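Model, not experiment: these values are computed from the prediction. To find a chain, count down the sequence lines: A is the first, B the second, and so on, and within it residues start at 1.
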Number of protein chains: 2
Amino acid sequence: MGRRSDHTPGELRELLLATGHQLMGEVGYPRFSGREVAKRAGYSVGTIYNVFGSLDALLAAINTRTFTQWAAWLRQELETGGEDRIASLVRGYFGFALARPLLWSAIYEHKVPEGEGLSDADLEGRAALTGIVEQEVAAVLPPDTALDVARFARSLIASVHGHCSYVVSGSFALLDETDPVGSALERVRESLAHHGAKSAPML
Amino acid sequence: MGRRSDHTPGELRELLLATGHQLMGEVGYPRFSGREVAKRAGYSVGTIYNVFGSLDALLAAINTRTFTQWAAWLRQELETGGEDRIASLVRGYFGFALARPLLWSAIYEHKVPEGEGLSDADLEGRAALTGIVEQEVAAVLPPDTALDVARFARSLIASVHGHCSYVVSGSFALLDETDPVGSALERVRESLAHHGAKSAPML
DNA sequence: CGCACAATTGAACATTGTTCAATATAAAAA
DNA sequence: TTTTTATATTGAACAATGTTCAATTGTGCG
């Protein structure tokens, strides 16, 4: 069959990406299937390879879409979360992962093959989340701190990420942890306090 | 074909488990194949289902084997790592993951299906690692601390785990983090210091 | 209108996980 | 020792995947 005119190339790319993102949210990375995406979109599996070049590229784009939604979730939490912005950040980080565990997990389960770097747009989309956190961390640290704030912020993110992935993967359930968000927030506060942060009072 | 006498049932189970563990270390969870395990062991794929009941059960046993090796690695690092035992713990945690990234990742990539809990032996094997850390954390905290030490230790593990998984997954490489072990150790020290731990001097 | 281009199809191929009928061997019973 | 029973083992059948690409045909261009 020849070209169809149901969609422009841009529309088709968006359709496959949106349909793929929807499927990922339903079944998760291990059960994700390119054939099912194509079928739901009303195309054939070969079209995915024509539009994206590879299944990996579609998966990378889906994960970038997830990052974008996650950053928006975080911004929303900061807007509505009250004065303790660090607590809002931690709740926002967890909130998305707990609300969308299959999408969240897929970010870390799918690995972009070596030699196939992410596009600049993908890298920028993924860095947005880190940028938000850096900004908030810088705001609560003393202005004259000697700390590499960007690096410190990334480390705090990694710390919260560890708690988060234990929850999503079920490890914490096995270990009888009942308030992982609280634990994560305590660790973040302890590190911030150590560097002179004027955050909400410790409990 | 009927029964063979090349191996006792116990030997066969150990052969399939050891061969599977070897394969996991080589190819990682996404490319793991039960057929290849059986082939390397000199049996047919159906034998795996006869011995383990399901591929998931073999995978769970492989991951328990990895936990056991990881706990041994940690103990070894504590024995040789010098006076700063907290630093040894963090280096030990990372060391195994960096030396055996595919085995380490498989622990978190493979999910035991719901309704199929782990055996007591598996749970015990997996808890050994946590037990080591709890012990060391308890040793550096004041004897009269009000902290729930087990919970606190788990939270520190989660924090280090976050840093570790960023390294193994390549996220930190994307973010130009050059000393993730150092970052993780700093966060652990900050939290321990906050609760009155007499650990090695902060830099 | 005719031609060129390439999007699209979906089967071919190689592989997977899982099941299970057929087979043959070890173990148990006579 | 022989016969019978139990079951471990096989590997094809089945349904599915990812990836490729020859054949088809619709769109775009001159």
Side-chain angles (χ1 to χ4, degrees), chain A residues 1-17 19-21 23-24 26-63 102 106 109-116, chain B residues 1-17 19-21 23-24 26-63 102 106 109-116:
Chain A
M1 201 216 230
R3 302 163 186 265
R4 286 161 58 177
S5 57
D6 304 353
H7 303 98
T8 67
E11 286 171 348
L12 178 53
R13 186 178 197 282
E14 175 51 34
L15 172 64
L16 292 171
L17 179 40
T19 306
H21 194 260
L23 179 66
M24 185 67 85
E26 290 173 26
V27 304
Y29 178 62
R31 287 170 185 73
F32 184 87
S33 156
R35 285 185 196 278
E36 180 64 21
V37 174
K39 182 179 165 191
R40 288 187 183 195
Y43 281 79
S44 206
V45 67
T47 301
I48 290 183
Y49 293 84
N50 186 61
V51 172
F52 285 92
S54 70
L55 194 60
D56 277 321
L58 170 58
L59 289 162
I62 287 171
N63 284 342
L102 296 173
E109 286 166 342
H110 174 248
K111 297 185 183 60
V112 179
E114 287 183 42
E116 281 182 49
Chain B
M1 199 215 232
R3 303 163 183 262
R4 285 162 59 177
S5 57
D6 304 354
H7 303 97
T8 68
E11 285 172 347
L12 179 52
R13 185 175 196 285
E14 174 51 35
L15 173 64
L16 291 171
L17 178 41
T19 306
H21 193 262
L23 179 66
M24 186 69 84
E26 290 173 25
V27 304
Y29 179 62
R31 287 169 185 72
F32 184 87
S33 155
R35 285 183 194 276
E36 180 62 22
V37 175
K39 184 179 165 189
R40 289 187 182 196
Y43 281 79
S44 207
V45 67
T47 301
I48 290 183
Y49 293 83
N50 184 63
V51 172
F52 286 91
S54 70
L55 194 59
D56 278 322
L58 171 58
L59 289 161
I62 288 168
N63 284 342
L102 296 173
E109 286 167 342
H110 174 246
K111 296 183 184 57
V112 180
E114 287 182 44
E116 282 180 49

Legend entry - Proximal nucleotide (of D/dT25, C/dA24, D/dT20) relative to the B/Met1 side chain: C/dA24

Inset, instruction - Quickly work out the B/Arg3 CZ to C/dA27 P distance and round it to whole Å. - result: 7 Å

Inset, instruction - Using a cut-off of 6.0 Å, state whether more than 12 heavy atoms not belonging to B/Lys111 lie near its atom NZ. - result: yes

Legend entry - Residue closer to the 5' end of DNA chain C, A/Val51 versus A/Val45 (nearest nucleotide): A/Val51

Inset, instruction - For the pair B/Thr47 (side chain) and B/Tyr43 (backbone), establish whether a donor and an acceptor sit closer than 3.5 Å, ignoring hydrogens and angles. - result: no

Inset, instruction - Just call it for B/Ser5: base, sugar-phosphate, or nothing, with non-hydrogen atoms closer than 4.0 Å on any strand. - result: sugar-phosphate

Legend entry - Phosphate contact (C/dT9 OP1 or OP2) by A/Arg4 side-chain N/O below 4.0 Å: yes

Legend entry - Whole-Å distance separating the CG atom of B/Leu59 from the P atom of C/dT16: 14 Å

Inset, instruction - Calculate the interatomic distance between A/Asn50 atom CG and D/dG26 atom C1'; express it in whole Å. - result: 14 Å

Inset, instruction - Specify the closest pair of heavy atoms between B/Asn63 and B/Ala106, including all atoms of both residues, with the distance to one decimal. - result: ND2-O, 3.2 Å

Legend entry - Exceeds 12 heavy-atom contacts within 6.0 angstrom, atom CZ of A/Arg13: no

Inset, instruction - Count the heavy atoms belonging to other residues, nucleotides or ligands that lie under 6.0 Å from CZ of B/Arg31, then report whether that count exceeds 12. - result: no

Legend entry - Min side-chain heavy-atom separation A/Asp56-A/Val112 under 4.5 Å: no

Inset, instruction - Measure the distance from CZ on B/Phe52 to P on C/dG17 and round it to the nearest whole Å. - result: 14 Å

Legend entry - Close approaches to DNA chain C from residues 31-44 of chain B, in residue order (heavy atom, under 4.0 Å): B/Phe32, B/Ser33, B/Gly34, B/Arg35

Legend entry - Residue B/Leu55, side-chain atoms from C-beta onward, closest of D/dA6, C/dT18, D/dT10: C/dT18

Inset, instruction - Please state whether the phosphate of D/dT10, meaning OP1 or OP2, lies under 4.0 angstrom from any side-chain nitrogen or oxygen of B/Thr47. - result: yes

Inset, instruction - Rounded off to whole Å, could you give me the CZ-to-C1' distance for the A/Arg13 and C/dA7 pair? - result: 17 Å

Legend entry - Shortest non-hydrogen contact between B/Phe32 and B/Leu55, atoms and distance: CE2-CD1, 4.5 Å

Legend entry - Length of the line joining B/Leu23:CG and C/dT16:P, which is rounded to integer Å: 10 Å

Inset, instruction - Take the protein atom CD1 of A/Ile48 and the nucleotide atom P of D/dC21, then report the distance between them rounded to whole Å. - result: 17 Å

Inset, instruction - Please state how far atom NE2 in B/His7 lies from atom P in C/dT25, giving the value in whole angstrom units. - result: 17 Å

